[in-house]
Structures are given as structure tokens and as C-alpha cells.
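To start, the structure itself, in C-alpha cells.
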Protein chains: 2
Amino acid sequence: MRERLIRPLSQAAALERLGSVSLGRLVFSYQALPDIRPVNHLLDNGQVIVRSHIGAAVVSAVDGLVTVVAYEADDIDPVTHLGWSVIVRGSAELVKEPGEIARYQRLLRPWGSRQLDYVIRIKPAIITGIELVSHEAAAS
Amino acid sequence: MRERLIRPLSQAAALERLGSVSLGRLVFSYQALPDIRPVNHLLDNGQVIVRSHIGAAVVSAVDGLVTVVAYEADDIDPVTHLGWSVIVRGSAELVKEPGEIARYQRLLRPWGSRQLDYVIRIKPAIITGIELVSHEAAAS
């Protein structure tokens, strides 16, 4: 097994990777416990927009007040374990304006066939990312 | 775009899926904020074992006391968005017994080339999983 190197990504590179995929994971506290939901996302003006209709856990944690969440996306090869992971931390709030909701609903693919969902906007405060590269790639 | 159906997995099916992959994400609270780290895992006697050396955030949240965490793994096609996701919630603790640590270190691939790491054992209290299937597959 070859060893891999962990290299940090710049904020710009991390956001670019995040924007290159549509699946990620929303990480939040619910009833004081850490929880997670896979969701779809898009980047809009540097903010992470997600739709969620997987139960009320995410939404009730966010509705009516600003909540701190983390958002993670990655693309890591299951065999070589090479790839990248990006984590965004910031405040999340429900998008309330009907025009914005409609626009995001057009742009964001729903997770399943359930009708009820919400649009959540995450304003990144901290953006970190790593890439996992082979020693050979690191040396070249 | 075809709609997908979300179908729950049984606990047994969810654990089986989790055991079929080696990458997942440890979800925890750190300084009262939700956080996440991609890690490698293995299932041992129904418990989720992970090695972590990505900073002290995970370990200090766990060291010395039992902490509730979530663990998520998924395998979702980036194009069709079909696949599955499993979430385990339970208590996490550091493995302290040197023989156990040595055994897990042999079995578990390290995440990167850093030397210092810890072995964390998650005892599942709640196991949930979903699969995302097409309407055609659901009807067949």
C-alpha cells in the first residue's frame, strides 16, 4: 500500500472543488447531538445553497434563527483513497423570499420525490480543504 | 430528470452497506459546534472502528469520556444520484488497550502519512439507512 500525502487546499481551490460536485453532507446539531444529512448543493455568490426534505431535523434546527453548521463534500477514490475533501463552516438560515426559493428550486435537484422541502443558505465563515495525493504526484 | 424514491434500509441492510465500504465521515461536536472529518472505518462485532489523525478535534472531543457522535457513509452516483446512505448514531470512545490498538492499526488503513493517530470505537445506538432508487427499479 502506498502512503498518501495530505495537502491543504487554499480557500479558493476548496470552494472550486465544492462547486464541481453536487452532493455533500450537511452537519448540524439537533437536540444537542451531532447529526448529518446527505443533500444536494450549489454555490451561489460564494454561499452554499442546499435543499432539504429529509425530515424536519435539519429544518427545525435552522428555522427562525441563525444556526452554525458544517458542510462537507469530497471525491475520494474508494480504491486508491486519493482525492479531496472540503469542509465549510458557517451560519445557516432558511431562505424565505419566494422568488429566491423558486429560483433555487429550479437550479437544485431535489434529493428524492418528496414534495415538501426547504432551501437553506450557508454563509461560509471558515473554508478548509485537503487533497490526498500520492508521494509520486507530490514529488512531481 | 427522473424522480427517485427514497426507501428505508433495515438495520441489518444498513450495517451491511456500511461494511461494504471503507470511507465514511465522523460527525461530532467540538466546542459546541457541529464538525465532521472524513475517515476510514471497519466494522468489528457490530461496532464501527475508525482511525483518526486529522488534528486533535476528533480525539479531544472523545478522550476521557463517552461522547455521542454520528457516522455516515454513502455510495451515491454523482450523475444519477442513485445509491445509498447509512447513518449510525452512538457513543464513541478511544480504544486504550494496546493489543486492540495494534490489531486495528493493522486492519485499518491510515488516512494519510501522519504518524500520530488514535483508534475510536463507536457503539451504534441508532442505525438508519436509505437507498435512492429509480421509479423503474422500485416498480420491478
Side-chain angles (χ1 to χ4, degrees), chain A residues 1-7 20-40 53-55 61 67-79 81 83-89 92 109-114 125-126 128 130-135 138, chain B residues 1-7 20-40 53-55 61 67-79 81 83-89 92 109-114 125-126 128 130-135 138:
Chain A
M1 185 189 78
R2 295 211 176 119
E3 281 210 333
R4 296 160 300 148
L5 286 182
I6 297 174
R7 287 203 298 212
S20 74
V21 298
S22 61
L23 289 166
R25 295 148 203 100
L26 182 62
V27 179
F28 55 99
S29 294
Y30 181 64
Q31 297 181 338
L33 295 176
D35 209 343
I36 182 170
R37 290 291 183 285
V39 292
N40 303 321
H53 37 176
I54 305 180
T67 306
V68 174
V69 301
Y71 192 78
E72 193 265 356
D74 56 50
D75 183 10
I76 296 169
D77 186 284
V79 175
H81 286 205
W84 57 267
S85 168
V86 168
I87 301 173
V88 168
R89 297 170 186 82
R109 191 172 182 167
W111 182 257
S113 53
R114 296 178 202 179
I126 303 170
T128 57
I130 55 165
E131 56 180 355
L132 298 155
V133 297
S134 67
H135 275 286
Chain B
M1 186 187 79
R2 296 216 176 113
E3 281 210 333
R4 295 160 301 148
L5 286 182
I6 298 174
R7 287 203 298 214
S20 74
V21 297
S22 61
L23 288 166
R25 295 148 203 100
L26 182 62
V27 178
F28 55 99
S29 294
Y30 180 66
Q31 296 182 339
L33 295 176
D35 210 344
I36 182 171
R37 290 290 183 284
V39 292
N40 302 321
H53 37 176
I54 305 181
T67 305
V68 175
V69 301
Y71 192 76
E72 193 265 356
D74 56 50
D75 184 10
I76 297 169
D77 186 283
V79 175
H81 286 206
W84 57 267
S85 168
V86 168
I87 301 173
V88 168
R89 296 170 185 81
R109 189 172 185 168
W111 182 257
S113 52
R114 298 177 199 179
I126 303 172
T128 58
I130 54 164
E131 56 180 355
L132 297 156
V133 296
S134 65
H135 275 284

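Note on naming: letters A, B, ... go to the chains in the order of the sequence lines (proteins, then strands), and numbering restarts at 1 for each one.
- With sequence neighbours excluded, the residues that form a side chain to side chain donor-acceptor pair (under 3.5 Å) with B/T128 are B/R89.
- In this structure, no portion of B/V88 lies under 4.5 Å from any heavy atom of chain A.
- Residue contact with chain A, scored on non-hydrogen atoms closer than 4.5 Å, involves the backbone and the side chain of B/I36 alike.
- Side-chain atoms of A/P34 and B/S29, non-hydrogen and from C-beta on, do get closer than 4.5 Å to each other.
- Top candidate by heavy-atom pairs under 4.5 Å with chain A, chosen from B/A70, B/P78, B/A32, is B/A70.
- For the pair B/D35/B/V27, no side-chain contact is recorded, criterion being any heavy-atom separation below 4.5 Å from C-beta on.
- Applying the side chain to side chain donor-acceptor pair (under 3.5 Å) rule to B/S20 yields no partners; only residues at least two apart in sequence or on another chain are considered.
- Each of A/D75, A/L33, A/V21, A/D74 has some count of heavy-atom pairs under 4.5 Å with chain B, and the biggest count is that of A/D74.
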